[in-house]
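See structure below.
Residue numbers start at 1 and run along the sequence shown. This is a predicted model, so every value here is computed, not measured.
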Amino acid sequence: MIRDILIPLVEARFPGRYTISEPGVQPCVTFPAKHSDVGDVEIHDDGDEITLIAGNFTHGHFSNYDDIPQEEKEKEIAEDVVDFLSRLFADQVVLRGSHQGGGGWRVILDDNDDSVTHHKEFVWSGPRKS
């Protein structure tokens, strides 16, 4: 299971910032919201992929379809999730929308990001300042 690889990585990178569920219980990892408007981040181990619920906004799938052994796929998926979380918690991922009406995220590639949007945007620490 991806969870078995993911949890030690989460423990090493984000000590004390999460809760872990018992095996077989979803979400397997939850990060409590830093800001109430953003909401919790939940990680679900779906067997062959991870579904990450990005607070009140959207979700994403982390998977690997390369022709490599299953253990390598699971390791790469777990590493991709932890890398994403690192960016999210550093306010380098912009969240928008909602689960009800469509949402999304995008990674801020540099400090000069001045993308124009018609949606209210958030980062992990709260509303994104224009």
Requested in this report: Output, in order, the C-alpha distance, side-chain angles, deciding distance and verdict of side chain to side chain donor-acceptor pair (under 3.5 Å) for Asp91 and Ser125.
Outcome: CA-CA 7 Å; Asp91 287 346; Ser125 58; 2.5 Å; yes
Query raised in the report: Charged N to carboxylate O below 4.0 Å: is that the case for Glu71 and Lys75?
Result: no
Requested in this report: Give a yes or no on whether a salt bridge exists between Glu121 and Arg106, defined as a side-chain N under 4.0 angstrom from a carboxylate O.
Outcome: yes
Requested in this report: Look up atom CD in Gln70 and atom CG in Asp48, then write down how far apart they are to the nearest 0.5 Å.
Outcome: 7.5 Å
Report task. Hey, could you give me the CZ/CD distance between Phe62 and Glu49, rounded to the nearest 0.5 Å? Result -> 10.5 Å
Query raised in the report: What closest approach, in Å, do Trp105 and Leu95 show between heavy atoms, and which atom pair accounts for it?
Result: CB-CD2, 3.7 Å
Query raised in the report: Where the side chain of Asn64 meets the backbone of Asp66, is there a donor-acceptor pair that is under 3.5 Å apart?
Result: yes
Report task. Could you tell me whether a side-chain N or O of Asp45 sits under 3.5 Å from a main-chain N or O of Gly47, the two making a donor and an acceptor? Result -> yes
Report summary line: For Ala33 and Asp40, the nearest pair of non-hydrogen atoms, with its separation, is N-OD1, 2.8 Å
Query raised in the report: Given the rule that I, L, V, M, F, W and Y join up when any side-chain heavy atoms are under 4.5 Å apart, are Phe57 and Val107 in one cluster?
Result: yes
Query - Arg128 side chain reached by Ile108 side chain, heavy atoms, under 4.5 Å - result: yes
Query raised in the report: Taking C-beta and beyond as the side chain, do Ile43 and Cys28 meet within less than 4.5 Å on heavy atoms?
Result: yes
Query raised in the report: Hey, does Glu76 have a side-chain heavy atom less than 4.5 Å from the side chain of Ile68?
Result: yes
**Report entry** Criterion side chain to side chain contact (heavy atoms under 4.5 Å, CB included) against Leu52, the qualifying member of Thr58, Leu85, Asp80
**Finding:** Leu85
Report summary line: Taken to the nearest 0.5 Å, the spacing of Trp124 CH2 from Leu88 CG works out to 6.0 Å
Query raised in the report: How long is the gap from NE2 on His44 to CD1 on Ile53, to the nearest 0.5 Å?
Result: 4.5 Å
Query raised in the report: What is the distance from atom CD of Gln26 to atom CD of Glu42, rounded to the nearest 0.5 Å?
Result: 9.5 Å
Query - Within-4.5 Å side-chain heavy-atom neighbours: Val93 and Phe84 - result: yes
Report summary line: When rounded to the nearest 0.5 Å, the distance separating NZ of Lys73 from OH of Tyr65 is 9.0 Å
Only distances under 3.5 Å count here; give the side-chain donor-acceptor pairs of residues 2-17 to other protein atoms, sequence neighbours excluded, each with its distance to 0.1 Å.
{"residue": "Arg3", "atom": "NH1", "partner": "Ser21", "partner atom": "O", "Å": "3.3"}
{"residue": "Arg3", "atom": "NH2", "partner": "Ser21", "partner atom": "O", "Å": "2.7"}
{"residue": "Arg13", "atom": "NH1", "partner": "Ser86", "partner atom": "OG", "Å": "2.5"}

**Report entry** Donor-acceptor contact below 3.5 Å, side chain Asn56 vs main chain Val38
**Finding:** yes
